[in-house]
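A short write-up of the structure that comes next.
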Amino acid sequence: MIRTENVTKYFNRNKPDELVAVRDVSFEINKGDFAVFKGPSGSGKTTLLSLIGCMSRPTSGRVIVGDRDVSRLPERFMTEVRRNTFGFIFQQFNLIRGVTVCDNVMLPLFPTDIKPSELRKRTENTLDNLNMLRRKDFLVQKLSGGEQQRTAIARALINNPDIILADEPTAHLDTHLSEEFLSMMKKLQEQEKTIIIATHDPLVYEKEYVNLVIEMRDGMVRQITRKG
Ligand SMILES: Nc1ncnc2c1ncn2[C@@H]1O[C@H](COP(=O)(O)OP(=O)(O)OP(=O)(O)O)[C@@H](O)[C@H]1O
Ligand SMILES: [Mg+2]
């Protein structure tokens with residue numbers, strides 16, 4: 001479902017501050033995998049997520065999503081693949097302050113030709129599934145940590161993506177909320193979604209249901225461990 005072939009990503013190519021963030025990386029992630037990119041700070045985890053999620057293009061090598069080579073797609077097709085395929089959960093959740101839960105959750109759908117009534121229904125269903133419907137008109141800064149987390153998950157699910165990409169989702173959560181987050185991801189995996197998490201949190205990568213660990217070091221794959 002996702003394949004990288006000898007992917008290399010430079011930043012500031014041919015400039016004095018040139019840097020290779022990811023070097024010659026090849027791996028495969030299958031539909032329904034619960035995968036982790038593991039590795040120390042600066043090892044290339046976020047860069048890999050953004051390459052897979054069609055937020056940036058590799059300098060060389062290929063990124064295949066589904067049966068599509070996305071590594072050289074023009075921007076508007078990248079946007080299309082991104083919107084149809086991925087749900088993103090960022091570190092600290094990146095919610096927009098001063099805006100309601102509902103509006104935050106709808107955001108990935110815009111611009112859209114979905115009817116406003118349909119849009120509202122979809123958003124409310126998604127929030128309801130996460131037990132967040134009663135908070136729909138709250139400003140996000142008034143939410144508890146756990147509610148912010150569920151808002152971020154609702155936003156990642158609003159376009160019904162096949163693949164969830166999460167970047168250090170537990171970095172600012174206590175153990176209880178981290179466990180809750182992971183059990184929600186586990187449920188999504190059981191609904192046939194593919195989960196990919198970049199993290200250096202052992203609480204995440206030591207979970208028995210994580211079936212694929214791609215360990216990064218200095219932009220290179222150090223080890224790939226697959227169970228089942
Ligand atoms: N936009 C950018 N411009 C220049 N260099 C970048 C950019 N993004 C990342 N880098 C560099 O690429 C390398 C890999 O960064 P990346 O963010 O992928 O690491 P990471 O494994 O996610 O680290 P962390 O655990 O700290 O989040 C780092 O040396 C970083 O400084
Ligand atoms: Mg990172």
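Indexing begins at 1, ligand by ligand and atom by atom, following the structure's order. Count residues from 1 along the sequence.
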I'd like to check L139 versus V99 (side-chain heavy atoms, cut-off strictly below 4.5 Å). Are they in contact? no

For a side chain to side chain contact (heavy atoms under 4.5 Å, CB included) with V25, tell me which candidate from K9, M216, M220, E5 qualifies. M216

Does G42 come within less than 4.0 angstrom of ligand 1, counting non-hydrogen atoms of the residue? yes

Return the option from G44, A21, A171, S56 holding the heavy atom at the smallest distance from atom 13 (C) of ligand 1. A21

If you scan the protein for heavy atoms around atom 6 (C) of ligand 1, do you find one that is closer than 4.0 Å? yes

Counting only heavy atoms not in D69, do more than 12 fall under 6.0 Å of its CG? yes

Any side-chain heavy atom of V81 sitting closer than 4.5 Å to one from R68? yes

for atom 1 (N) of ligand 1, nearest protein heavy atom and its distance come out as F11 CE2, 3.5 Å

Side chain or backbone of P40 under 4.0 Å from ligand 1, or both, or neither, by non-hydrogen atoms? backbone

Please check if the distance between the ring centroids of Y205 and F34 is under 6.0 Å. no

Under a 4.0 Å heavy-atom limit, does L19 contact ligand 1 with its side chain, its backbone, both, or neither? side chain

Given 3.5 Å as the limit, does a donor-acceptor pair link the side chain of T123 with the main chain of M106, or not? no

Have a look at ligand 1 and work out which part of M216, if any, has a heavy atom under 4.0 Å from it: side chain, backbone, both or neither. neither

Protein non-hydrogen atom below 4.0 angstrom of atom 19 (O) of ligand 1 present: yes

Out of T46, D17, L51, T47, the nearest non-hydrogen contact to atom 15 (O) of ligand 1 is supplied by T47

State yes or no: do I195 and M55 share one hydrophobic cluster built from I, L, V, M, F, W and Y residues joined by side-chain heavy-atom distances below 4.5 Å, directly or via other members? no

Sorted by first residue and then second, give each side chain to side chain donor-acceptor pair (under 3.5 Å) pair with at least one member in residues 18-37; sequence neighbours left out. N6-D24, D33-N211, D33-R226

Which protein N, O or S atoms lie under 2.8 Å from the Mg ion (ligand 2)? T46 OG1

Please report whether ligand 1 has a polar contact with N12, defined as an N or O pair separated by less than 3.5 Å (distance criterion only). no

Evaluation steps, ring pair (Phe, Tyr, Trp, His ring centres under 6.0 Å), between F37 and F27: CA-CA 11 Å; F37 295 149; F27 57 75; 5.5 Å; yes

Contact between I89 and D167 at the side-chain level, heavy atoms closer than 4.5 Å - yes or no? no

Under the side chain to side chain donor-acceptor pair (under 3.5 Å) criterion, do T8 and T59 qualify, and how do the steps go? CA-CA 6 Å; T8 295; T59 310; over 6 Å; no

